[in-house]
Amino acid sequence: MPTVVVMDVSLSMTRPVSVEGSEEYQRKHLAAHGLTMLFEHMATNYKLEFTALVVFSSLWELMVPFTRDYNTLQEALSNMDDYDKTCLESALLGVCNIVQQEWGAAIPCQVVLVTDGCLGIGRGSLRHSLATHSQRSESNRFPLPFPFPSKLYVMCMANLEELQSTDSLDCLERLIDLNNGEGQIFTIDGPLCLKNVQSMFGKLIDLAYTPFHAVLKCGHLTSDVQVFPRPEPFIIDEEIDPIPKAINTDLEIVGFVDIADISSPPVLSRHLVLPIALNREGDEVGPGITDDTEDENSANQIAGKIPNFCVLLHGSLKVEGMVALVQLGPEWYGMLYSQADSKKKSNLMMSLFEPGPEPLPWLGKMAQLGPISDAKENPYGEDDNKSPFPLQPKNKRSYAQNVTVWIKPSGLQTDVQKILRNARKLPEKTQTFYKELNRLRKAALAFGFLELLKGVADMLERECTLLPDTAHPDAAFQLSHAAQQLKVASTGASEYAAYDHNIAPLQTDFSSSSTERM
Amino acid sequence: MSVSFRKKMKIFSESHKTVFVVDHCPYMAESCRQHVEFDMLVKNRTQGIIPLAPISKSLWTCSVESSMEYCRIMYDIFPFKKLVNFIVSDSGAHVLNSWTQEDQNLQELMAALAAVGPPNPRADPECCSILHGLVAAVEALCKITEYQHEARTTLMENAERVGNRGRIICITNAKSDSHVRMLEDYVQETIHEHNKLAANSDHLMQIQKCELVLIHTYPVGEDSLVSDRPKKEEEQHANTSANYDVELLHHKEAHVDFLKSGDNHMGGNSREGTFKETVTLKWCTPRTNSVELHYCTGAYRISPVDVNSRPSSCLTNFLLNGRSVLLEQPRKSGSKVISHMLSSHGGEIFLHVLSSSRSILEDPPSISEGCGGRVTDYRITDFGEFMRENRLTPFLEPRYKIDGSLEIPLERAKDQLEKHTRYWPMIISQTTIFNMQAVVPLASVIVKEAMTDEDVLNCQKTIYNLVDMERKNDPLPISTVGTRGKGPKRDEQYRIMWNELETLVRAHINNSDKHQRVLECLMACRSKPPEEEERKKRGRKREDKEDKSEKLGKDYESDKPWQESERLKGLLDREKEELAEAEVIKDSPDSPEPPNKKPLITMDEMPTVEKAKGPMSLLSLWSNRINTANSRKHQEFIGRLNSVNNKAELYQHLKEENGMEATENGKAGRQ
């Protein structure tokens with residue numbers, strides 16, 4: 001889940017902060033201090049996160065495009081100049097563009113706005129933006145809610161009292177509301193100092209940047225893993241079940257399925273599953289873009305040589321072309337598979353299905369999947385040439401069941417012509433003739449379109465008169481029989497008008513010699 | 001501590017319940033005055049023949065056709081949780097089906113409509129009213145559906161969260177604006193009354209919201225096709241040639257990314273006079289195959305707009321035959337991107353939404369760079385075999401356990417994985433028995449929950465066979481990875497093999513008595529370690545003991561049998577390592593180090609199940625084992641055979657000299 005840090009570099013950020021001790025700090029220094037802490041945390045614990053840095057005043061600028069190089073981000077923090085006034089709207093618009101260009105509109109992003117709570121004056125100030133919010137047209141829409149799933153975290157270089165003394169806090173709260181409530185405002189507890197800034201950023205880290213550690217299990221085979229990006233809780237149905245569901249920290253494999261059977265299922269999100277070696281303190285000695293400290297390298301080397309279940313599983317999934325189904329919680333499942341990034345590199349990935357008892361119609365209810373050894377005979381066949389999947393639904397869909405639709409005249413004409421074509425090939429086509437005739441008859445009865453039955457009856461009678469001398473004698477019998485039956489049905493009264501009744505071919509002396517039988 | 005992303009979704013929205021109320025009064029028997037030519041004569045046979053007069057549909061036929069088309073599309077796209085109740089109104093209300101899922105299909109509705117038949121033009125119009133149908137519709141909306149019932153039961157005390165909303169689609173002939181207002185008021189009043197009734201009932205639910213869609217039908221070419229199709233959009237799939245467009249309807253979520261991106265000036269357009277939005281996607285030449293796993297963010301059922309047209313049925317049949325079609329979407333920049341895939345699963349066609357944006361997981365560290373990435377001798381093929389054995393299959397019929405409770409197939413699958421992994425070394429150099437073809441017959445059945453007598457017999461045969469091999473001094477596939485020279489001596493090899501086999505069998509002895517019998521056979525047959533070696537070990541034992549107590553406290557808190565086996569595994573490694581010690585060169589760059597360097601207890605210290613603690617002499621331990629085994633079942637002959645081996649060896653020797661095939665025991669036979 002990429003992060004955009006949006007840093008306020010307006011003049012108000014240079015306001016000094018009275019700190020005990022000799023050095024004089026400005027608010028921007030506190031901000032830089034907090035961000036340094038965030039970047040350091042990410043560099044060690046959240047290495048794969050892409051982060052971009054935007055600075056803004058009345059204008060905005062993308063200082064660092066999305067990167068995993070936290071040194072670059074850190075350097076940029078020390079190279080920031082001071083500019084004029086705060087103009088939040090244009091900066092947020094900038095964030096919209098940057099994110100959409102890079103990631104599209106489907107990938108969730110976290111926006112960390114760092115500001116002092118002075119929201120600008122006049123045109124372009126947040127107050128002005130909010131005041132004019134209701135008069136916007138589609139062309140100058142306010143950038144919130146962001147068009148992508150998002151969280152907006154506002155890190156205020158100010159404490160609550162200060163923000164409450166003006167209407168800043170109200171404005172910021174409205175900002176979060178405009179983002180459909182997705183986000184949170186952080187303020188400094190107590191006096192403005194490095195320590196309290198750290199504690200504020202600590203809260204952000206706890207909320208949004210703690211790595212997700214889990215245990216991957218397949219019976220007794222286990223591995224400690226980090227799941228990246230961390231899976232976020234999910235709300236299944238706002239009304240019935242508004243409590244967000246989080247995935248278990250025990251990821252339990254329940255069995256295996258061929259890739260062809262799972263066939264590109266829809267997923268909520270995908271994640272890397274990275275094996276980690278937990279040392280005594282619970283810190284990971286793990287994967288990721290390696291840092292250059294020697295200790296870590298040697299620790300990594302040792303960890304690399306200890307057999308790990310993830311590597312075994314990945315290798316076999318890749319070779320066999322299979323996925324492992326994994327239980328993530330009550331009625332929540334996902335799949336593990338090998339994902340190749342390039343010819344050389346591949347990885348163990350986990351995709352999350354939508355929570356529920358039956359995330360994939362073609363697999364059926366997950367709880368009903370059991371081991372093949374419980375089946376009377378191997379559903380995959382002795383030579384591995386069959387599969388119990390996909391499951392067939394009870395009812396066929398309209399495009400698979402030869403429905404009758406006459407809304408456009410062409411639909412009706414096609415059906416009548418089919419009957420006519422077969423009528424001219426009687427008695428060879430007796431079976432198809434009656435099949436089509438009965439199909440038309442049923443639809444006409446259901447639609448109350450009795451006039452059609454009369455019309456087709458007339459048409460068949462005319463065909464009868466047009467039969468050439470060479471025609472088989474049975475043809476005439478069948479045509480007049482069919483015509484008469486349709487006429488009876490068209491009165492809508494007799495038992496012959498019953499929907500389930502089918503017109504059967506007339507049994508004639510010729511029909512026994514006919515090649516086709518019903 | 002957590003952040004959640006919500007997806008706006010409500011199961012019980014207005015679209016959960018739709019009631020069709022179709023007017024069946026005499027007026028509806030009138031012609032719609034639109035003629036249909038049905039006698040389209042085939043060319044060159046038509047001379048002198050006057051085609052039959054065109055016919056026209058009644059208002060009733062038009063209404064029924066369009067409502068059936070609505071149902072067709074809805075059942076295609078939302079076969080579950082979106083329900084239709086069909087009511088026909090004349091001198092009374094005729095309710096043609098119920099909310100139950102079984103009643104939700106076209107065949108049922110068509111049959112019911114045929115039974116009703118067209119309106120009787122000679123009936124007394126004064127007796128007929130659409131109001132009967134509207135009252136019945138409100139009644140129907142108050143009735144609880146299976147889904148609502150299930151949700152309420154699951155939610156227990158939060159049952160009130162289950163919503164009850166619905167939609168009434170009424171097709172009638174409205175006489176005037178005031179007539180329309182009268183109908184609206186009437187529905188509102190009826191809802192009000194029925195909500196009072198529902199408040200005091202367990203089987204009825206109050207209506208929270210009801211959408212009333214009135215469709216006015218009258219002759220003169222007015223096509224009464226229902227145009228209000230919420231939540232659906234259409235899409236054109238232009239086959240390479242432009243005149244093969246197939247318009248498909250599906251859930252609007254399928255284009256959510258596209259619509260949000262604001263990048264819709266190229267393909268998106270709102271069709272005049274309808275609420276549908278159309279996105280044009282192009283059939284894309286690169287083929288895809290079923291073994292490719294696409295990153296797909298959604299899959300939605302589709303329905304062709306013109307289901308029976310040639311292009312539609314061409315496309316649907318192509319897909320139903322198991323092929324997939326990739327679709328590409330034009331972008332602002334003029335470039336194209338593969339954005340969707342059409343594919344059928346079990347006779348249902350889905351539009352898969354493929355992710356086309358940059359991946360946030362790009363350039364991840366390769367698995368070979370992480371933990372365990374440097375190990376090169378994983379049992380990849382064996383685990384592949386394991387996965388195939390642990391594939392899943394649906395069990396649609398409920399099964400019951402012996403105690404009568406419902407058996408959940410998925411729990412059975414988990415149980416099986418537990419059993420199959422009780423002893424499962426991950427790397428080749430950590431195991432001997434799984435590198436031996438000769439052990440397969442035993443290893444494949446011992447993990448079973450229950451064994452047949454034949455299985456037991458096969459296990460015993462396997463054990464006798466191994467005894468045989470040992471007597472013949474056949475070499476074993478003991479790993480010499482990381483060692484130089486010959487590795488452990490032959491008798492040492494067999495000791496390691498027997499220990500490992502015992503570990504495997506012991507992990508399963510609690511499964512059944514038959515498993516127990518296999519262990520008894522094994523214990524009776526396996527070679528007795530020579531006296532000399534025992535003494536040698538006693539010395540080692542003391543130093544290991546300290547490590548053991550330390551380890552036990554930390555890692556082996558519970559006493560599951562598999563953990564015992566884990567310990568044994570380590571033990572074996574330790575022994576292997578010790579034996580090789582003198583010759584091992586550890587820093588050979590290509591070979592992984594021996595897997596476990598921690599000092600561990602030796603095999604002989606393993607406490608038996610019965611007597612867990614306290615010092616015990618090896619001799620008494622051994623005789624205990626033998627005694628228990630013998631007391632349960634007399635295997636004397638084999639035991640004796642095992643100890644008095646002169647005769648047998650001679651016989652074997654002869655056999656070998658005669659060129660008889662030696663037992664295969666290498667990894668060679670298994671790839």
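First the proteins, then the strands, lettered A, B, ... as listed; each starts at 1. Computed from heavy atoms alone, side chains included, the values below leave out hydrogens, waters and symmetry copies.
In this structure, the portions of B:Leu361 lying under 4.5 Å from any heavy atom of chain A include both its backbone and its side chain. Only the side chain of B:Leu320 comes within contact range of chain A, with at least one heavy atom under 4.5 Å from a heavy atom of that chain. Only the side chain of A:Asp384 comes within less than 4.5 Å of a heavy atom in chain B; its backbone stays farther off. For B:Ile349, the parts lying near chain A are the backbone and the side chain together; criterion is any non-hydrogen pair under 4.5 Å. In this structure, the portion of B:Asp306 lying under 4.5 Å from any heavy atom of chain A is its side chain and not its backbone. Residue contact with chain A, scored on non-hydrogen atoms closer than 4.5 Å, involves the backbone and the side chain of B:Phe38 alike. Looking at B:Leu396, the atoms closer than 4.5 Å to chain A (heavy atoms on both sides) sit in the backbone and in the side chain alike. Residue A:Leu450 touches chain B through its side chain alone, counting heavy-atom pairs closer than 4.5 Å. With a 4.5 angstrom heavy-atom cutoff, B:Glu65 touches chain A via backbone and side-chain atoms both. Interface residue B:Thr316: only side-chain heavy atoms are found under 4.5 Å from chain A. For chain A, no part of B:Glu449 is nearby; none of its heavy atoms comes within less than 4.5 Å. For a residue to count as touching a neighbouring chain, one of its non-hydrogen atoms must lie under 4.5 Å from one of that chain's; by this rule A:Val403 touches chain B with backbone and side chain alike. Neither the backbone nor the side chain of B:Thr154 comes within less than 4.5 Å of any heavy atom in chain A. Heavy atoms of A:Tyr337 lying under 4.5 Å from chain B belong exclusively to its side chain. For B:Arg301, the part sitting under 4.5 Å from any heavy atom of chain A is the side chain, from C-beta outward, and nothing else. Looking at B:Phe350, only its side chain comes within 4.5 Å of chain A, counting heavy atoms on both sides. Residue contact with chain B, scored on non-hydrogen atoms closer than 4.5 Å, involves the backbone and the side chain of A:Met459 alike. Residue B:Asn158 does not touch chain A at all, counting heavy-atom pairs closer than 4.5 Å. In this structure, chain A has a heavy atom under 4.5 Å from the backbone of B:Glu389, while its side chain stays farther away. When heavy atoms are compared at a cutoff of 4.5 Å, A:Leu412 approaches chain B solely by way of its side chain, counted from C-beta outward. Proximity to chain B involves both the backbone and the side chain of A:Leu348, based on heavy atoms less than 4.5 angstrom apart.
Taking the side chain as every heavy atom from C-beta outward, B:Trp424 and A:His220 never approach each other to under 4.5 Å.
Under 4.0 Å is where a charged nitrogen must lie from a carboxylate oxygen, and between B:Arg412 and A:Asp374 at least one such pair does. Residues A:Glu182 and A:Lys151 are paired through a salt bridge, judged by an N-O separation under 4.0 Å between the basic side chain and the carboxylate. For B:Asp39 and A:Arg462, the salt-bridge test passes: some basic side-chain N is under 4.0 Å from an acidic carboxylate O. A salt bridge links B:Asp363 to A:Lys345: one of the charged nitrogens lies within less than 4.0 Å of a carboxylate oxygen.
In this structure, the side chain of A:Trp362 engages the main chain of A:Ile262 through a donor-acceptor pair within 3.5 Å.
Between chain B and the options A:Asn395, A:Asn347, A:Val416, A:Thr404, the largest number of non-hydrogen pairs under 4.5 Å is found for A:Asn347. Ranked by heavy-atom pairs under 4.5 Å with chain B, the first of A:Lys408, A:Lys396, A:Lys454, A:Glu49 is A:Lys408. Interface summary for chain B: among A:Val257, A:Val323, A:Asp258, the most heavy-atom pairs under 4.5 angstrom belong to A:Asp258. In terms of heavy-atom pairs under 4.5 Å with chain B, the best-connected choice from A:Ser387, A:Gly448, A:Ser410, A:Ala246 is A:Gly448. When A:Leu317, A:Leu363, A:Val319 are compared by the number of non-hydrogen pairs under 4.5 Å with chain B, A:Leu317 comes out ahead. In terms of heavy-atom pairs under 4.5 angstrom with chain B, the leader among A:Gly321, A:Pro265, A:Gly411 is A:Pro265.
For the pair A:Lys442 and A:Tyr499, the distance from NZ or CZ to the six-membered ring centre is under 6.0 Å and the angle to the ring normal is within 45 degrees. For the pair B:Arg388 and A:Phe256, the cation does not sit on the ring face, since its NZ or CZ is not both under 6.0 Å from the ring centre and inside 45° of the axis. Cation-pi geometry between B:Arg358 and A:Phe66 is not met: the NZ or CZ atom fails to fall both under 6.0 Å from the ring centre and inside 45° of the normal.
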